[in-house]
Amino acid sequence: MSQYTGDVEVGGPADTRDLGALTVTKLAVSEMANNAYLLTCTATGDGVLVDAAAEPEALRALVGDTRLTAVVTTHGHWDHHRALPELVASSGAATMAHPADAADLPVPVTHPVEHGDTVAVGDQVLEVVHLRGHTPGSIALVWRGGEAGTHVFTGDSLFPGGVGNTQKDPQRFTQLLDDVEERLFGALPDETWVYPGHGEDTTIGAERPHLAEWRARGW
């Protein structure tokens, strides 16, 4: 295992994590400091990009010679898909997102994905988890890597210190926290590594003790 930290800065280098069967490369882009993740299957060389957020040239350099088979957009907010048209045009990759957010993307979604569906990264499999609240169609992607552990890409639904922004809407907040609690914290072990849509990484175990605190504070 490489000494991956997940601490990346806009304009700085990507951080790469070798997980054996899968390689994760994290890059920060744009004035919103979005995280884009390139997942590459070691056996086949196929890659999937999670959130073509911005800076298409930087993302194309990130992809390099990897055979990009799909770009998954975690949700429909503008800052997570500004480079999607360029990446799709240059790679021919399929576009994947939840149908509830598909209309917000700048290109058609060729492969809609819903809760319980899977996304192939070469011979590796990502599980789609629908997390309602930040947007109607927000999704997370779970990779169960055996000895390499469990890894989840959460978009803007879960960060270190809390769930995503629900604009002070109590119903949306409760829905998001309920989904995160049931579908992530209730399904994944504490050592699961969390890769969010902005900022630093965390683990399920680091955040689990704070669930009641988040619910009580209402955000």
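The first residue of the sequence shown is numbered 1, and numbering continues consecutively from there.
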Polar side-chain atom of K26 near backbone of D15 as donor-acceptor pair, under 3.5 Å:
no

Going only through I, L, V, M, F, W and Y residues with side-chain contacts under 4.5 Å, is there a path from V109 to V50?
no

Does the T95 side chain pair with the main chain of T110, one donor and one acceptor, at a distance under 3.5 Å?
yes

Mind checking whether Q124 and T42 have side chains closer than 4.5 Å, heavy atoms only?
no

For G133 and T166 the tightest heavy-atom approach is O-CG2, 3.7 Å

So, E181 side chain and G186 main chain: donor-acceptor pair closer than 3.5 Å or not?
no

From L39 CG over to T23 OG1, what is the distance, rounded to the nearest 0.5 angstrom?
9.5 Å

Between D104 and H81, is any side-chain donor less than 3.5 angstrom from a side-chain acceptor?
no

For the atom pair CG (L131) and CG (D179), what is the distance rounded to the nearest 0.5 Å?
6.0 Å

When rounded to the nearest 0.5 angstrom, what distance separates OG1 in T192 from CH2 in W143?
12.0 Å

Hey, any chance V129 and V152 share a hydrophobic cluster, counting ILVMFWY side chains that come within less than 4.5 Å of each other, even indirectly?
yes

Heavy-atom closest contact (A53 atom, N34 atom, distance)
CB-CB, 3.5 Å

Just wondering, more than 12 heavy atoms not from E200 lying within 6.0 Å of its CD?
no

Given the rule that I, L, V, M, F, W and Y join up when any side-chain heavy atoms are under 4.5 Å apart, are M32 and L84 in one cluster?
no

Chi angles and distances behind the side chain to side chain contact (heavy atoms under 4.5 Å, CB included) call for L188, R144:
CA-CA 10 Å; L188 303 174; R144 300 179 190 272; 3.8 Å; yes

Same apolar cluster: I204 and V163, side chain cutoff 4.5 Å:
yes

Heavy-atom side-chain proximity of P56 to L87 below 4.5 angstrom
yes

Side-chain contact, heavy-atom cut-off 4.5 Å: H75 with I139?
no

Taking the side chain as every heavy atom from C-beta outward, state whether V29 and V10 have any pair of such atoms under 4.5 Å apart.
no

Is H198 reaching over with its side chain to a backbone N or O of A33, donor-acceptor style, under 3.5 angstrom?
yes

For the pair E55 and R82, evaluate salt bridge (charged side-chain N to carboxylate O under 4.0 Å, His left out) and give the outcome as yes or no after the intermediate values.
CA-CA 8 Å; E55 300 181 32; R82 283 180 283 174; over 6 Å; no

How about W78: does its CH2 atom have over 12 heavy atoms from other parts shown lying under 6.0 Å from it?
yes

As a test of understanding, state which of V113, T118, V121, V72 forms a side-chain contact (heavy atoms from CB on, under 4.5 Å) with L126.
V121

Under a 3.5 Å threshold, yes or no: a donor from one side chain and an acceptor from the other, between T154 and S157?
no

Heavy-atom closest contact (R217 atom, G161 atom, distance)
NH2-O, 2.7 Å

Between D46 and T69, is any side-chain donor less than 3.5 angstrom from a side-chain acceptor?
no

For L177 and F173, what are the C-alpha separation, side-chain angles and deciding distance, and is it a side chain to side chain contact (heavy atoms under 4.5 Å, CB included)?
CA-CA 6 Å; L177 190 54; F173 169 75; 3.8 Å; yes

Which of these passes side-chain hydrogen bond (donor to acceptor under 3.5 Å, both in side chains) with W193: T202, T203, T150, D201?
D201

Under the side chain to side chain contact (heavy atoms under 4.5 Å, CB included) rule, what do E86 and R60 come out as? Steps first, then yes or no, please.
CA-CA 9 Å; E86 291 89 345; R60 277 197 283 256; 3.6 Å; yes

H115 (side chain) donor-acceptor with H130 (main chain) under 3.5 angstrom
yes

Nearest non-hydrogen partners of T44 and G122, listed with the distance
OG1-CA, 3.3 Å

For D79 and S30, test the side chains for any donor-to-acceptor distance below 3.5 angstrom and give the result as yes or no.
no

Going by atom types alone, do E213 and H210 pair a side-chain donor with an acceptor below 3.5 Å?
yes

Whether the side chain of T174 engages the backbone of Q171 through a donor-acceptor N/O pair (distance < 3.5 Å, no angle test) should be reported.
no

R17: which of Y37, Y195, Y4 passes side-chain hydrogen bond (donor to acceptor under 3.5 Å, both in side chains):
Y195

L49 and side-chain contact (heavy atoms from CB on, under 4.5 Å): which single residue from L27, T73, L38 fits?
L38

Minimal heavy-atom distance between L105 and A97, with the atoms involved, is CD2-CB, 3.9 Å

Same apolar cluster (I L V M F W Y, side chains within < 4.5 Å links), F153/L19:
yes

Nearest 0.5 Å, please: how far is CD in E207 from CG in D190?
11.0 Å

Check the pair D178 / R215 against salt bridge (charged side-chain N to carboxylate O under 4.0 Å, His left out), numbers first and verdict last.
CA-CA 9 Å; D178 284 351; R215 195 175 291 277; 3.0 Å; yes

Residue pair D51 / T74, side-chain donor-acceptor N/O under 3.5 Å
yes

Find the distance between CZ (R67) and OG1 (T40) and round it off to the nearest 0.5 Å.
10.5 Å

Full working for side chain to side chain contact (heavy atoms under 4.5 Å, CB included) between L158 and F185
CA-CA 11 Å; L158 177 63; F185 288 90; 4.0 Å; yes

Can E114 and R132 be said to form a salt bridge (charged side-chain N to carboxylate O under 4.0 Å, His left out), step by step?
CA-CA 12 Å; E114 303 199 44; R132 300 155 292 187; over 6 Å; no

How close do F159 and P196 get, heavy atom to heavy atom, and via which atoms?
CD2-CB, 3.6 Å

Straight-line distance of L141 CG to D117 CG, nearest 0.5 Å
11.0 Å

Side-chain H-bond candidate by donor/acceptor type, H134 with H77, under 3.5 Å
yes

